[in-house]
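First the proteins, then the strands, lettered A, B, ... as listed; each starts at 1.
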Amino acid sequence: MLHKAIGRILKIGTLVSTWGLIATVLLQIICRFTPIDTPSWTEEASRLFFIYAMSFAAGLAMKNEFYVHLSMFYDRFPSRFKELLSLVIPILSLVLFVFMGIYSVQLIMLGLAEKSPSMGLNMGFAFLSMFIMATSVVYYLAKKIARDFKNRKS
Amino acid sequence: MIWILVLVFVVCLVLRFPIAFALGLACLSYVLAKGIPLIIVPMKMYSGIDVFVLLSVPGFIMAGNLMNHGGLTERIIRFCNHLLGHIRGGLALVNIGASMLFAGISGTAISDTASMGSIMIPAMKKEGYDMGFSCAVTAASSTVGPIIPPSVPMIIAATLSGLSVGKLFLAGALPGLLLGVGLLVAAYTISKRRNYPKHPRSSLGQILRGFVDTFWSLLMTFIILYGIIGGIFTPTEASIIAVVYALIIGKLVYRRLSFKSIQVIFLDSMKTSASLMVLVGFANLFGYILITEQIPQAISNEILGFTTNKYVVLLLINMLLIIVGTFMETIAALLILFPILLKVALAVDVDPIHFAVIAVLNLIIGLTTPPVGVCLFVASSIGKISIGEVSKAGFPFLMVSLLVLVLVTLFPWFSLALPNLFME
């Protein structure tokens with residue numbers, strides 16, 4: 001239930017941010033070719049939508065294994081070592097994103113005191129995207145580790 | 001301390017960590033060992049992707065996927081078949097010609113090998129072409145994609161160097177065409193020697209119908225390029241215009257896109273882009289560490305201490321990039337090496353735009369260089385033959401690619417003629 005809800009939130013977040021990105025860039029173009037003045041916030045808003053789209057999609061990319069790796073040496077490893085690696089790789093990757101998640105909270109705290117130049121948006125909100133990116137990747141890595149452990153036991 | 005960064009990165013890479021995570025772990029180890037505040041990790045990740053021109057990456061990927069979903073690949077192949085099918089080895093030429101046209105839409109070599117190969121390799125097998133040759137033609141022709149505009153590697157190179165995306169797009173056009181023509185000549189020569197089949201000549205009406213059928217998708221490339229070169233749009237705006245255009249064509253002209261399929265395409269494109277942006281973010285931190293340790297300066301001094309001859313320096317860089325491009329993903333290799341090598345190239349008076357083309361060309365040639373070029377792997381898995389067979393059959397095409405690389409390296413005109421003509 002929770003798993004489905006997380007997946008759905010990430011998908012909706014990605015799609016809303018994507019449509020938002022398209023809409024703000026289009027608005028920028030349309031305003032340029034009409035007598036309407038281009039709002040000063042469009043570039044900043046489009047960057048924010050883009051970063052949020054990437055942050056929501058980063059976890060989904062983890063879930064669907066979109067991250068590229070180098071298989072050149074791996075194929076030559078003995079099968080027991082490959083088994084070990086299938087556990088070590090997600091665990092160490094998890095450590096990386098746990099660090100990133102924890103310190104992105106610190107970044108959000110720092111950002112709370114700042115405002116973005118054209119929208120006047122609290123930068124804590126902008127930096128929240130990094131927390132979403134880190135936690136969503138952590139979530140899918142943890143699911144993978146749990147699944148691998150379960151498979152190993154059975 | 002820098003050895004920790006390099007060692008962790010290389011070990012993680014060899015152990016098959018995702019390249020982005022290998023970079024991240026290497027940086028994390030360095031930051032921990034050096035006692036730098038860890039807030040730098042999310043901070044550099046954020047600043048690495050908070051760059052306006054990078055917004056064009058998901059834009060072009062979405063536009064390409066939308067067009068492809070609208071049945072574009074089949075239409076382009078059909079059109080090229082009308083144009084080139086009557087020549088000896090017609091399907092091999094169609095494979096290359098279609099890749100050149102498809103290049104204006106896709107922008108990545110691996111997606112080109114996969115989408116073109118799944119149609120062309122079985123078709124060539126059915127007509128009696130040698131399987132190794134069919135896979136090799138598919139793999140080689142797909143390298144044209146990332147150099148002909150719009151090109152994702154060129155956008156990344158522009159982000160790293162501050163060069164104009166429009167100029168880089170134009171700079172890649174002539175080398176891309178040269179590579180395409182070179183591959184066409186090689187495929188024709190081999191086909192003639194092996195007496196591969198040819199189709200009956202298409203009538204003018206068939207060619208025109210084929211053109212009308214693909215016109216809307218080919219127009220997209222024109223709109224993107226004209227918009228950027230003419231100063232009408234920024235590259236980011238051009239990519240979003242391409243998305244809106246692809247949505248309209250896919251929905252109203254090709255009638256293949258439903259609301260649901262659009263959401264699926266958007267999600268897939270964003271996942272691909274996110275995997276690249278995580279890489280870009282960690283590479284930003286990696287680059288920051290290299291700069292604080294003055295590594296680009298040290299490497300530059302080392303190379304320039306060995307020689308200051310421009311051509312020897314370029315030869316060394318070419319060799320390094322081809323080797324790296326053979327086993328590393330193009331964008332990852334570009335993110336790590338381009339800023340360092342650009343410094344060396346600038347020191348021996350190489351034009352930065354010319355150098356960007358050389359770097360991208362090297363890395364994409366690496367995709368078809370044995371023993372581990374990624375496009376060779378993709379093509380061999382579609383054709384269900386060994387990578388050795390594809391590599392052997394692909395040798396003439398690799399030689400053509402290397403010849404084009406030599407020409408592009410020695411004669412900056414190939415890279416600079418169009419940017420100088422249209423954007424000075």
Identify the two heavy atoms, one from F131(A) and one from G101(A), that lie closest to each other, and give their separation to 0.1 Å.
CD1-O, 3.5 Å
Under a 4.5 Å cutoff for heavy-atom pairs, which residue among R47(A), K11(A), K82(A) has the most contacts with chain B?
R47(A)
Relative to chain B, which of K63(A), M62(A), R32(A) shows the most heavy atom pairs under 4.5 Å?
R32(A)
The interface call for M130(A) against chain B, heavy-atom contacts under 4.5 Å, is side chain
Non-hydrogen atoms of chain A under 4.5 Å away: do they reach the side chain of I240(B), the backbone, both or neither?
side chain
Nearest heavy-atom contact between S29(B) and I4(B) is CB-CG2, 3.7 Å
Given that the side chain runs from C-beta out, which part of A126(A) has a heavy atom under 4.5 Å from chain B: side chain, backbone, both or neither?
both
Select, from L15(A), L60(A), T14(A), L26(A), the one with the greatest count of heavy-atom pairs under 4.5 Å involving chain B.
L15(A)
Going by the angle between their ring planes, with limits at 30° and 60°, are H3(A) and Y140(A) parallel, tilted or perpendicular?
perpendicular
Heavy-atom closest contact (L107(A) atom, F127(A) atom, distance):
O-CD1, 3.4 Å
Would you mind telling me which of I232(B), L55(B), I49(B), I19(B) has the largest number of heavy-atom pairs within less than 4.5 Å of chain A?
L55(B)
Using non-hydrogen atoms and a 4.5 Å limit, figure out which bit of F50(A) sits close to chain B: side chain, backbone, both or neither.
side chain
Using heavy-atom distances under 4.5 Å, tell me whether L28(B) contacts chain A through its side chain, its backbone, both, or neither.
side chain
Pair count under 4.5 Å, heavy atoms only, with chain A: among M277(B), M62(B), Q263(B), highest is Q263(B)
Examine whether an atom of S46(A) lies under 4.5 Å from a heavy atom of chain B, and if so say whether it belongs to the side chain, the backbone or both; otherwise answer neither.
both
List the atom of M133(A), the atom of A58(A), and the distance in Å for their closest heavy-atom pair.
CG-CB, 3.7 Å
Within 6.0 angstrom of F259(B) CZ, more than 12 heavy atoms from elsewhere:
no
S56(B) versus S239(B), side-chain donor and acceptor atoms under 3.5 Å
no
Aromatic ring pairing Y74(A)/F77(A), orientation class (parallel under 30°, perpendicular over 60°, tilted between)
perpendicular
Which answer fits I262(B), side chain, backbone, both or neither, if we ask what part of it has an atom under 4.5 Å from a heavy atom of chain A?
side chain
Select one option (side chain, backbone, both, neither) describing which atoms of I102(A) are under 4.5 Å from chain B's heavy atoms.
neither
Could you check which of T236(B), L267(B), V41(B) has the highest count of heavy-atom pairs closer than 4.5 Å to chain A?
L267(B)
Give a yes-or-no answer on whether the side chains of N284(B) and S47(B) include a donor-acceptor pair shorter than 3.5 Å.
yes
Interface moiety of F33(A) toward chain B, non-hydrogen atoms closer than 4.5 Å:
side chain
Considering all heavy atoms, the nearest G48(B)-V280(B) contact:
O-CG1, 3.6 Å
Specify which of E65(A), E44(A), M100(A), Q28(A) makes the most heavy-atom pairs with chain B at under 4.5 Å.
M100(A)
Parallel, tilted or perpendicular, judged at 30° and 60°: which one describes the rings of F97(A) and F282(B)?
perpendicular
V278(B), part contacting chain A, at a heavy-atom distance under 4.5 Å:
side chain
Take atom CZ in F149(A); do more than 12 heavy atoms of anything else shown fall under 6.0 Å from it?
no
Tell me, side chain or backbone of L279(B) under 4.5 Å from chain A's heavy atoms, or both, or neither?
neither
Less than 4.5 Å to any heavy atom of chain A: does that hold for the side chain of L54(B), its backbone, both, or neither?
both
With chain A as the partner, which of A274(B), G281(B), P37(B) has the greatest number of non-hydrogen pairs under 4.5 Å?
A274(B)
Leading residue by heavy atom contact count with chain A [cutoff under 4.5 Å; candidates S269(B), P58(B), A20(B)]
P58(B)
Return yes when atom CG of D37(A) has more than 12 non-hydrogen atoms of other residues, nucleotides or ligands closer than 6.0 Å, and no otherwise.
no
In terms of heavy-atom pairs under 4.5 Å with chain A, which of Y46(B), F266(B), F233(B) leads?
Y46(B)
